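Because the structure is predicted, anything quoted here is derived from the model rather than measured.
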Amino acid sequence: MPSMMPRRRMDRVPGSGRPEFSATPRTGRPGLGLAGLAVLALSARPAAAQSIEQRLGIDIPANEILYLALFALVVGVAMLAVVWLIQQRSRVEEANEQLRAELAESRFEAETRGALLSGDDQQIIVYSGDRVVDILGALPAATGAPSDSRRFLDFHEWLQRPAAARLEGLIDRLKTRAEPFSLTIDHLDGQPIEATGRTIGARAIVRFSPLSGLREELTRLRREHAGLLETVETLQSLCDALAMPVWLRDRQGRLVWVNRAYAAAVDGKGVADAVERQLEFLGEQDRAAIALARETKSVFVDRLTTVVDADRRSFSVIDAAGPLGSAGLAVDVSEAEAVRQELNQTVKSHSETLDHLTTAVARFDEKTQLIYHNAAFQRLFDLTSAYLDTAPDHVAMMDQLRSRGVLPEDRSLRDLKHEIIAAYRATEPTELMWHLADGRTLRIFVSPEPQGGATWVFEDLTEKLELESRLKALVQLQGETLDYLSEAVAVFGQDGRLRLSNPAFGEMWGVAEELLAAKPHIKALGKNVAVAIRPPEDDRPAVDWAFFCQAVTAFDEGAREATSGEFVLADGRIASFGIVPLPNGQSMLTFSDISDARRAERMLRERNEALEVADRIKTDFVKHVNYELRSPLTNIIGFSALLRSKETGPLTARQSEYLDYISISTSSLMTIVNDILDLASIDAGTMDLEMSDVDIADTVNKAAEAVRDRLKEGDIGIDIDVSGAGTSFRADEHRVTQILFNLLSNAANFAPAGSTIGVRALRDNGEVAFLVHDDGPGIAPDQVARIFERFESDPVGGRNSGAGLGLSIVKSFLDLHKGSIAIDSSKGGTTVICRFPAGDAFGEAAE
């Protein structure tokens, strides 16, 4: 309440809190102050000094006058200060009285307000910096807040973790940044609390007060609304995570919400886009059927089809009405439908498969009535389809079979019926054996079904028993055959023990029959053999019984392969062995004495080596002789040409004739030498082809011109036709000319006088073929294969017997060109056919 005492004007000194009184005197006239007195004294000095000097007629120094003036100034200032202090003291006493009255008034007002703040309906926390300076009041017990101040300040103890963390963050910002806040705490089990914070001066005040009335109701509704929103958002998150489309419609049937799977199914850019554009998942007719079903039954459940990702799929759709409108869910059952169809198809295929089986299968239900049978069951007991379609009882079926004389007569029908009923009541599969009256033997497997009934499988063992009998006879026959083999044979089982052996095995290794009859292990067998294996003399792996033991007993994860080799026994015999893997982990060892074969092989090898050495000596001799002949031949040809020149003088007719003979002979001999050198180059692998585009017509003409003299000498004509071969092909032109020259020379040698040699060139199937035909006596069929061998010539029917290198050279050059040569010979003449590849691919490969 306001104070009734008169107040005086006070001004506070900034930053001090002490009152500042003005220096104005009570009269209201302003005082001079110290500065003013000093100015008056100094300004009065010259005039006073002049007056004294004039009166006394003396000269007073200026400094003394200054000292006197300062003294007078100090005395005046002290007098004024004393007066001012007396006035100030009086004023301070009046101000203190006023402050005491105001302090009493403030204390009263603070006590009143403190009493108001200390009520039971709120609690206030006062912070000064980071320190709590005061806690006022207490919250009602209905709020659930602790009454103890220390526990109240530990917000994490009585508030939930998110609310406590948020409150502490708001209080920190209030203390550091002076940011006010208002927070509703409704996470308690009791009454909601409102926390508000603000600053007053340098202090931060946080007030906690319970909410009541409309505010409490509003807070509760907000909390319920937030919970409902969280529930809806959680359900929406769950629906978004589902791979099945989910949608929500309002009362007008418009989409208000869809999940991501729905948006993806309708090719929408997102959930918002699908709702905004009202993209429908189902067709118009399906939506109309759903709306009609909701009006009558409130829920629609059915399977519908729609197109998703350009593929028509089947969905199980559930659409239910609700307060907002309706909600729907579509489950993709396309795979389930496919599986169902596949299952039906599998069952059908299974039935068809069973119908193709030779094993009879029949299934009876819990009442022992037939519910399924395959065709083999009908054939086994010769039952009609009409009878089986009536689902007969199993016992009644046995009566019919017994009356027809099918069931065995060595057992009573009662025993058979008891056996059948016991099989139905059994918990484990039952195996039975029936010997029918017609001599057939049946093995029966009865498998009880979990839902009741049983499946009966009838296996006809008649053929199997016959086969077993035949197998025994066959095994006996094979055993006897094995005993008479000269090759030693031993079969070892998976455990490494001997299973089977023949007498040759014991004889070869000197093993006693008693030991073999005991079926020893391969290790024990290796220790008891009488003949040892000699270690190899070269770097080949050693073969001994340890090697055989490893091959028989080793556990190989991969596929086992047969192994063979040779070894030498201590007595000098050479033997070969074979390790053959057999089924079921068994192994067979075979041993043969090959000493005689190896001696014969050694003799043949030595003879072959001697022949190769002789052939190599012959080839080297021919090459050497040819190289030695080339120089004399060159000299003879050169001097023959020199004798024909005009510088050496004229020649007689006989001398010219002799020179012609010399030229022809030397040319033939030079051709033979060149052919031999070419063959030597081919054998050495040093001859390379110079590939180019060969002009076919020009090359044939060159070869014909080279043999023109020989044709003229024998009165032989030549007919050339290259129109069917094109213009050119890829080959070595010089070697092609040699080939044609040799063919024409060979034809000229065997063609009769007055005949014509035919030369044709054709192009067919990517090849260029040259055909040279003469009307000579032909080649005997047994001689065709030999004419391509070197130094082989057939003088029969020929004018001259050559060196036998022409056709050999031809074949070698054709092989270099990757071509071929063939001969068509008869009594009407001989045709030699040479084929060259003509494509670009050959040219690239040859290069």
Side-chain angles (χ1 to χ4, degrees), residues 349-364 368 370-385 387-388 392 394-395 397-413 415-449 453-483 489 491-495 497 499-500 519 580-588:
S349 300
H350 181 67
S351 300
E352 293 177 354
T353 303
L354 291 178
D355 286 337
H356 288 84
L357 290 179
T358 58
T359 302
V361 179
R363 185 178 302 165
F364 297 87
T368 70
L370 182 66
I371 58 176
Y372 172 79
H373 68 281
N374 65 347
F377 179 80
Q378 182 179 357
R379 291 193 303 268
L380 178 64
F381 296 106
D382 193 17
L383 299 172
T384 62
S385 300
Y387 174 74
L388 294 175
H394 199 172
V395 177
M397 187 183 298
M398 293 297 103
D399 291 336
Q400 183 191 17
L401 294 177
R402 184 60 178 268
S403 63
R404 291 170 48 197
V406 176
L407 293 181
E409 298 180 354
D410 57 343
R411 300 174 59 187
S412 63
L413 183 60
D415 294 340
L416 289 175
K417 290 181 178 180
H418 282 302
E419 190 176 60
I420 292 172
I421 294 174
Y424 276 103
R425 294 175 180 176
T427 58
E428 298 292 334
T430 305
E431 182 176 351
L432 306 175
M433 189 70 69
W434 287 0
H435 299 282
L436 301 183
D438 56 2
R440 291 181 294 172
T441 301
L442 300 182
R443 182 168 58 180
I444 306 171
F445 296 93
V446 184
S447 177
E449 298 292 340
T455 300
W456 290 67
V457 179
F458 301 86
E459 183 181 3
D460 191 352
L461 298 181
T462 306
E463 294 183 2
K464 182 178 180 181
L465 295 177
E466 293 179 357
L467 290 176
E468 288 181 356
S469 177
R470 294 178 183 176
L471 179 60
K472 290 180 181 178
L474 180 61
V475 169
Q476 184 178 1
L477 176 62
Q478 290 179 347
E480 294 178 358
T481 303
L482 190 64
D483 289 343
V489 179
V491 177
F492 294 87
Q494 189 175 7
D495 55 355
R497 301 187 68 86
R499 290 287 184 269
L500 178 67
K519 309 298 182 184
V580 182
L582 300 178
N584 299 326
Q586 300 183 89
S587 301
M588 180 176 68

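- Scanning both residues, A376 and T359, for their nearest heavy atoms gives CB-O, 3.6 Å.
- Residue I420 holds its CD1 atom at 9.0 Å from OG1 of T368, rounded to the nearest 0.5 Å.
- Taking the side chain as every heavy atom from C-beta outward, Q586 and R499 approach each other to under 4.5 Å.
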Kindly determine whether W434 and R440 satisfy side-chain contact (heavy atoms from CB on, under 4.5 Å), including the steps that lead there.
CA-CA 8 Å; W434 287 0; R440 291 181 294 172; over 6 Å; no
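- Proximity of a side-chain donor or acceptor of Q378 to a complementary backbone N or O of L383 within less than 3.5 Å is detected.
- Across A423 and V446, no two heavy atoms sit closer than the pair CB-CG1, 3.8 Å.
- In this structure, the separation between NE2 on H373 and OG on S385 is 6.0 Å, given to the nearest 0.5 Å.
- The aromatic rings of W456 and Y424 sit tilted, their planes meeting at an angle between 30° and 60°.
- The distance from atom CG of L442 to atom CD of E459, rounded to the nearest 0.5 Å, is 9.5 Å.
- Note that CD1 of I421 and NE2 of H394 are 10.5 Å apart. Values are rounded to the nearest 0.5 Å.
- Here the CD1-CD distance, from I444 to E431, works out to 10.0 Å after rounding to the nearest 0.5 Å.
- With sequence neighbours left out, the ring pair (Phe, Tyr, Trp, His ring centres under 6.0 Å) criterion links F377 to F381, F458.
- H435 NE2 to L461 CG: the interatomic distance, rounded to the nearest 0.5 Å, is 9.0 Å.
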Quick one: do R404 and D382 satisfy side-chain contact (heavy atoms from CB on, under 4.5 Å)? Show the steps, please.
CA-CA 10 Å; R404 291 170 48 197; D382 193 17; 3.3 Å; yes
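- Counting non-hydrogen atoms of neighbouring residues, nucleotides and ligands closer than 6.0 angstrom, the CD atom of Q494 reaches no more than 12 such neighbours.
- More than 12 heavy atoms of other residues, nucleotides or ligands lie within 6.0 Å of CD in E449, so this atom counts as buried by the packing criterion.
- Not one N or O on the side chain of N374 forms a donor-acceptor pair closer than 3.5 Å with the backbone of A360.
- When side chains are defined from C-beta on, L416 does not count as touching M398, because their heavy atoms never get closer than 4.5 Å.
- At a threshold of 4.0 Å, the pair R443-D460 does not count as salt-bridged, since none of the basic side-chain nitrogens sits closer than that to a carboxylate oxygen.
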